[in-house]
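Structure, as structure tokens:
Lettering follows sequence order; numbering is per chain, from 1.
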Amino acid sequence: MTTLLPRPGAPPADEHELRERWEDDPGIPGFFGTVDHKRIGVRYLVTAFAFFVVSGIFALVMRVQLAAPNAHVLSPEAYNQLFTMHGTTMIFLFNTPVLAGFGNYLVPLQLGARDMAFPRLNAFSYWIFLLGGLMMYAGFAFGTAPDGGWFAYAPLTDSLYSPGKGMDFWAIGVVFVGISTTVGAVNFLVTTFKCRAPGMSLSRVPIYVWSFVVFGFMVLFAVPAVTLAAGLLEFDRLFDTAFFRPGQGGNALLYQHLFWFWGHPEVYILFLPAAGMISTILPVFARRKIAGYTWIVGSLVAIGFISFGVWVHHMFATGVPVLAMSFFSAASLVIVLPSGVQFFCWIATMWHGKVRFHTPMLFAMGFLLLFLLGGITGVMVAVLPWDWQATDSYFVVAHFHYVLNGAVVFPIFAAIYYWYPKFTGRMLSERLGHASFWVMFIGFNVAFFPMHMLGLLGMPRRIYTYESGLGWDWLNLVSSIGGFMFATGVGVTFVNLWVSRKHPRDAGPNPWDADTLEWATESPTPEWNFAAVPIVASRHPLWDQRPMTFAEDGAYGPEGALRRAIPITGGLGAEPEDVLYVPPETALPFWVALGLALVFVAMLVQAQLVAIVGLAVAAVAVLRWTWRIGDRDIATRPETEP
Amino acid sequence: MRFAVDTPPSILDAHGSEAHHLANVWWIMLGIAAFVYLVVGGFIVLASVRGRRREPAEGPSRHDQYFIWIGGVIVPTVILMFVAFLTVHTGAALRAPGKNPLRVHVVGKEWWWAVEYPGTSVVTANEIHVPVGQPLEIQVDAGDVVHSFWVPQLAGKLDAIPGQHNILRFTVRQVGVYRGECAEFCGLQHAHMNFRVIAETPGDFTKWLLHEQQITPVPSSELAARGQLAFNSSACAGCHAIRATDARSNVGPDLSDVGARARLGAETVDNTPDNLRRWIADPSHFKPGVRMPPAVNSPDDLDAIVAYLEGLR
Amino acid sequence: MTTVEAALAPSLPAAGPRGRSVGWWGVLCMIMTEAMLFVGLLASYFFLWASSDEWPQGAIERPEVARISVFTVVLLGSSIPIFIGEWANRRGRMSLARSALFVSFLMGAVFLANQVLEYRDLHFGWRDNAYASIFYVTTGLHGLHVLLGLLINLVVQAKGYARRLAPSHDVTVEVFSLYWHFVDVVWIFVFSSLYLAPHFA
Ligand code: HEA
Ligand code: HEA
Ligand code: CUA
Ligand SMILES: [Cu+2]
């Protein structure tokens, strides 16, 4: 294989003019008004990582409390709030948005599009996520942070047992983040199906993008369930309805069904894009095309489907009839098959490849070894009777940190090292990268492996302290030390990011000699992504089409870039259909999100006036927005075109 | 009086029928897991270092399909079928009704366990006496929020869910004291909602049950008699029951045999006279947020009540 | 290689845009997830039913069918003028399109008015028990969708008057009609589950 670098985007008509058409206003208006998927994507990433650090620090404080028996570092209130916010933040405010952030930045680029299909909705999705996240944290300001655990089982979380406002903010925050994810999912789906570069038939869509297609469908079908769980809980709390109140004909188990009907698919919603990252990165460093493309795509789809039929495995101890549970147990075993297929596709890729151990690849290897263990313990807890022992013990805590922290966070770190040159045009230090990996990898195992043993020794989860003499002391101490080691490894990566700012090293357009389209333009990506849209004739365009081909005229060429055009393609083969125009920057999405947030927060603290103001803001903004829908149609339809 | 339980509550140190089965399941699964991890992990490492000097394959290789079919489909299917068999096989056998069972009714409340023996007048808390060898039917109910009943050495968990009556069935195999825990997060003091199962020979158990039914709280001293008076006339009786007295409420644990309990506050502190005194004076000292207020003001009353309760056994 | 060759000279197809607009696909996705919201509610309804001794719970009488049936017909009927409106808009007959939208608006409004009045006539409040809660929340959520639909209808009409609707192929109209049909179809399920099913148990 030759290492010819692809030609960066065909020379634009006039770079200066392009800049004028695409660049956001500087300062405040541009900040609130941007609809650029890259800026929004980076915003997602930065926000999500801020939440990661906060939540990680919570975990470390918890580990200090648990390091020794009968410790008094934290009161029980504080501990319960910390683990609740740790879990909630990691799932809702770190993992989901960080993946959405990478997707936001990369999916349009990998498709060869100039933006998402709905740029304004994309901005809205970010703002509503940010406000939802802040709302979840608002409880701290009211002195009652949420403390019902990340799945907030009723009736513990009903007003009788959790009277504070914290739970209300939690529930509304969940709904808001759900809206954000849903809007994002719609955007990913329509973008993938309608905004592909010409020639990118479905069988040439990169696996990473496929993972977002499955992500999208799963979100659409799963999120309403958690919206209902949180929403109905909130009705019970605020308006005294009786959904989860057994004394009044309600059913406490209904909450659990609703929650896990989303909760289980959610963990794969997190996992699949992470697996997609691995399928992107691993072949690049193995220097060959991924083995079993079709198998992998099929596996993603299969996992998506089956994951809707396993939720009861989180409820094995609730007394559901054994026969029914056996079905869910079996379905949980079946889901292993597509995971195994993916796994062996990765192994096969490396087997006949020539692996280069750059930092992204190290993290990918770490992922393989950790996910393997987490997956296997997953199989163990899927065994119905055995889960009666394991559930709600530290064995489960070990399982889900191996999968969430191992199989999702490690790919995310691989992605940081892999795509950072794309985002910034600068390289990260390999030395610091390797150091960070090894400290994280060893620290991870020191922190989480002992938790399996703690589970076997009968330690339940979510206890703020324990007594000495149960055989748990030293394992907990080791685990705490590992937690700090892992955090140090994370810190090294932050240092790495900082160093690369201070001493930039130029990356060039395609530093890894990768195959996907995001590398077919300059790094950092110009605002318009592609002055000329690439024309795709292969699944691995930058490897097979040397030099890369770019469109020259019409909406696809530089002329289209000047008019902010996104060509719309359709059908299986991505044939040209229509043209869409990226809307000018607008703060309307921000106002809608802010208005909605005001309405809900005001309702919770009973400030009617603020609620009315919020409603008015949202209504006016929505009206203006709907008023403009179709403007582009009128102005640019072929028959009315100048 | 033994305070702490003998051993760590390890699920692999099984002394009950269900735990015993599940410990076996664990060892089988561990064997499979180790095998899978070593083989697959070995492939990962081998695959990554193997090709360092080789030229990578152009295009798909025939071996790709071997890997996918054998490693990804065939072998896992075989293993999973075995695991599924294991699941169904043990799942159906466990928790099936046994012959001539003893029923015990357990109610989880924030943050203690009420224990009743249906058909008798016996009510106690946080200590469950059972005979070895006889099948048990533990009915697990919830008094407020969701809890989970777990004695790792005896059986797996069963949740206590408001509005539902779940039944856990197992047989204890060895005499001993086993630590039990609440395994579902239930609020502030979820960490201190533990209990113990005291498994006795059938003879000892019957003796205990008889003794419990005959408890008559005749104060043994003048001090204790004053204690009884103070108990019944203060807030205590508004929450607690003591058999054959005017104290009849079930808000808090039944105290008819409290003097005989090893520990107080759902295994929070050892039951010594000193601790009992401090518990009554300020329960939140040991168990912050506990649902019992400090309810005695005068030290004299306190001494008297302690003396009274100490004598209840 | 034909795709590539075709794509090498990419320009708009001569006959103008083909296929549904991007907005239409987006709304279709939104509708899928909204539909799941109702699926979840109705599943909860049947779950509560299955775990109750009596249904409706607590001596609440079964919902009356006759009155709601009439208004069900009105609501479902309101889809017909929408079809007409869409058709008229495609032909560029804007005034017919606007009148059709208006008729549909009236029918939807009549349905909603009846819902509100019916709430006043019910002998139970949402606090009474879980049946009452889910009855109010399900019908209420649907009512909210109708209300939203009516508001969008007004916006579309206003855009018609302001000549902001592109003749022949307009996102606004397309998307609104899709949404309104969805609101109608959902009602069929809500109606059968909440009003009819208890009579057949
Ligand atoms: C990224 C997230 C993620 C992923 C990918 C998984 C993957 C799996 N999980 Fe996990 N799970 C969680 C996140 C995740 N989980 C979380 C967060 C919880 C707890 C929530 C809470 O309670 O707070 C949880 C809890 C949880 C439970 C409930 C435990 C309990 O509470 O009692 C169960 C039970 O069945 C389970 C099963 C599985 C299974 C079977 C898989 C499988 O998909 C794994 C499949 C993969 C492999 C097995 C490895 C690769 C395969 C091969 C190499 C083939 C050969 C292998 C064999 C033949 C074994 N998980
Ligand atoms: C993605 C998901 C994710 C991640 C990454 C983590 C990461 C960690 N988790 Fe967590 N965890 C969950 C998801 C996750 N967790 C969930 C869902 C629960 C269940 C909650 C519930 O029961 O409701 C849970 C519960 C949970 C518990 C059980 C609590 C209990 O049941 O009582 C514990 C206990 O040890 C724990 C520990 C840790 C630790 C030590 C880390 C470490 O990896 C953290 C490492 C620390 C950092 C990453 C900090 C940032 C870095 C620095 C501070 C470095 C310095 C900074 C600079 C130089 C700038 N977690
Ligand atoms: Cu009761 Cu935890
Ligand atoms: Cu799951």
Side-chain angles (χ1 to χ4, degrees), chain A residues 75-77 80 149 153 155-156 161 246 251-253 286-289 291-292 295 317-319 322 326 329-330 333 336-337 340-341 343-345 347-348 350-355 365 368-369 372-373 376 379-380 383-386 388-389 391-392 456-458 460 462-465 469-471, chain B residues 4 8-12 22 25-26 29 33 36-37 40-41 43-44 47-48 51-52 54-57 60-61 63-64 67-68 71-73 76 80 83-84 86-88 90-92 94 145-146 148 152 156-159 161-164 166 181 183-191 288-289:
Chain A
S75 66
E77 287 94 341
N80 294 349
Y153 279 176
L156 176 64
Y161 302 103
N251 192 309
L253 218 51
R287 307 308 310 143
R288 67 169 289 221
K289 294 168 188 170
W295 281 95
T318 55
V322 169
S326 300
S329 182
L333 295 179
V336 170
L337 287 175
V341 166
F343 218 93
F344 278 90
C345 288
I347 292 181
M350 292 193 296
W351 193 263
H352 283 289
K354 182 185 171 100
V355 176
M365 297 285 300
L368 291 177
L369 292 173
L372 182 58
L373 188 56
I376 290 174
V379 174
M380 291 173 161
V383 171
L384 165 64
W386 200 73
W388 290 335
Q389 285 286 23
T391 186
D392 278 325
L456 295 177
L457 287 176
R462 298 172 162 185
I463 54 174
Y464 75 96
T465 191
L470 297 168
Chain B
S10 165
I11 66 179
L12 302 179
L22 295 179
V25 171
W26 160 257
M29 289 195 312
V36 172
Y37 195 86
V40 181
F43 269 115
I44 295 173
S48 66
R52 296 180 80 168
R54 264 166 236 256
E55 271 315 300
S61 147
H63 294 135
D64 294 352
F67 270 112
I68 296 169
V73 181
L80 291 173
V83 175
L86 203 65
T87 304
V88 175
T90 36
L94 300 173
V145 303
V146 182
S148 189
K157 297 173 194 69
L158 190 60
D159 289 352
I161 295 177
Q164 225 172 286
N166 287 340
E181 291 158 346
E184 184 61 77
F185 181 64
C186 52
L188 204 58
Q189 281 295 346
H190 161 66

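- The pair D64(B)-R288(A) meets the salt-bridge criterion, since a charged nitrogen lies less than 4.0 angstrom from a carboxylate oxygen.
- I44(B) has its side chain within reach of L369(A): a pair of non-hydrogen atoms, C-beta onward, lies under 4.5 Å apart.
- Interface remark: of the candidates A286(A), A317(A), A348(A), A317(A) forms the most heavy-atom pairs closer than 4.5 Å to chain B.
- Contact of the V146(B) side chain with the P155(A) side chain is registered, since non-hydrogen atoms from C-beta on lie closer than 4.5 Å.
- For the pair D159(B) (side chain) and G319(A) (backbone), a donor-acceptor distance under 3.5 Å is absent.
- Counting heavy-atom pairs closer than 4.5 Å to chain A, the top-ranked of the candidates P152(B), G71(B), P288(B) is G71(B).
- Here the closest non-hydrogen pair linking P460(A) and A183(B) is CB-CA, 4.4 Å.
- Remark: W388(A) engages no residue in a ring-ring contact (aromatic ring centres under 6.0 Å, His included) (not counting sequence neighbours).
- For the set A84(B), P76(B), C186(B), the entry with the most heavy-atom pairs within less than 4.5 Å of chain A is C186(B).
- Here the shortest heavy-atom pairing between V341(A) and V73(B) reads CG2-CG2, 3.9 Å.
- Within the 4.5 Å cutoff, side-chain heavy atoms of Y153(A) are placed close to those of E184(B).
- The side-chain heavy atoms of V40(B) and I347(A), taken from C-beta on, include a pair separated by under 4.5 Å.
- With a 4.5 angstrom heavy-atom cutoff, W386(A) touches chain B via backbone and side-chain atoms both.
- When all heavy atoms of H352(A) and H63(B) are compared, the pair lying nearest together is NE2-ND1, 2.8 Å.
- Two residues are said to be in side-chain contact when any heavy atoms from C-beta on lie closer than 4.5 Å; P9(B) and L470(A) meet this criterion.
- Listed here is the closest heavy atom pair of P162(B) and A252(A): O-CB, 4.3 Å.
- Chain B forms more heavy-atom pairs under 4.5 Å with one residue of T391(A), L384(A), V379(A) than with any other, namely T391(A).
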Could you please spell out the steps behind the side chain to side chain contact (heavy atoms under 4.5 Å, CB included) verdict for C345(A) and I68(B)? CA-CA 6 Å; C345(A) 288; I68(B) 296 169; 3.5 Å; yes
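- Using a 4.5 Å cut-off between heavy atoms, I161(B) contacts chain A through its side chain alone, with no backbone atom that close.
- W26(B) is not listed as a side-chain neighbour of Q389(A), based on a closest heavy-atom distance of 4.5 Å or more.
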Between Y464(A) and Q189(B), is a side chain to side chain contact (heavy atoms under 4.5 Å, CB included) present by the stated rule, with each step listed? CA-CA 8 Å; Y464(A) 75 96; Q189(B) 281 295 346; 3.2 Å; yes
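- In terms of the ring-ring contact (aromatic ring centres under 6.0 Å, His included) criterion, F344(A) has no residue partners (sequence neighbours excluded).
- You'll find the side chain of P385(A) stays beyond 4.5 Å of the side chain of V25(B), heavy atoms only.
- Summarising the geometry of L12(B) relative to L456(A), their closest heavy-atom pair is CD1-CD1, 4.2 Å, with the distance given to 0.1 Å.
- Across all non-hydrogen atoms, the minimal contact from A33(B) to I376(A) is CB-CG2, 3.4 Å.
- With a 4.5 Å cut-off on side-chain heavy atoms, F185(B) and D392(A) do not count as touching.
- Between chain A and the options I11(B), V83(B), T90(B), heavy-atom pairs under 4.5 Å are most frequent for I11(B).
- Among V336(A), V322(A), N251(A), T318(A), the residue making the largest number of heavy-atom pairs under 4.5 Å with chain B is T318(A).
- The OG atom of S75(A) lies 8.0 Å from the CG atom of L188(B); values are rounded to the nearest 0.5 Å.
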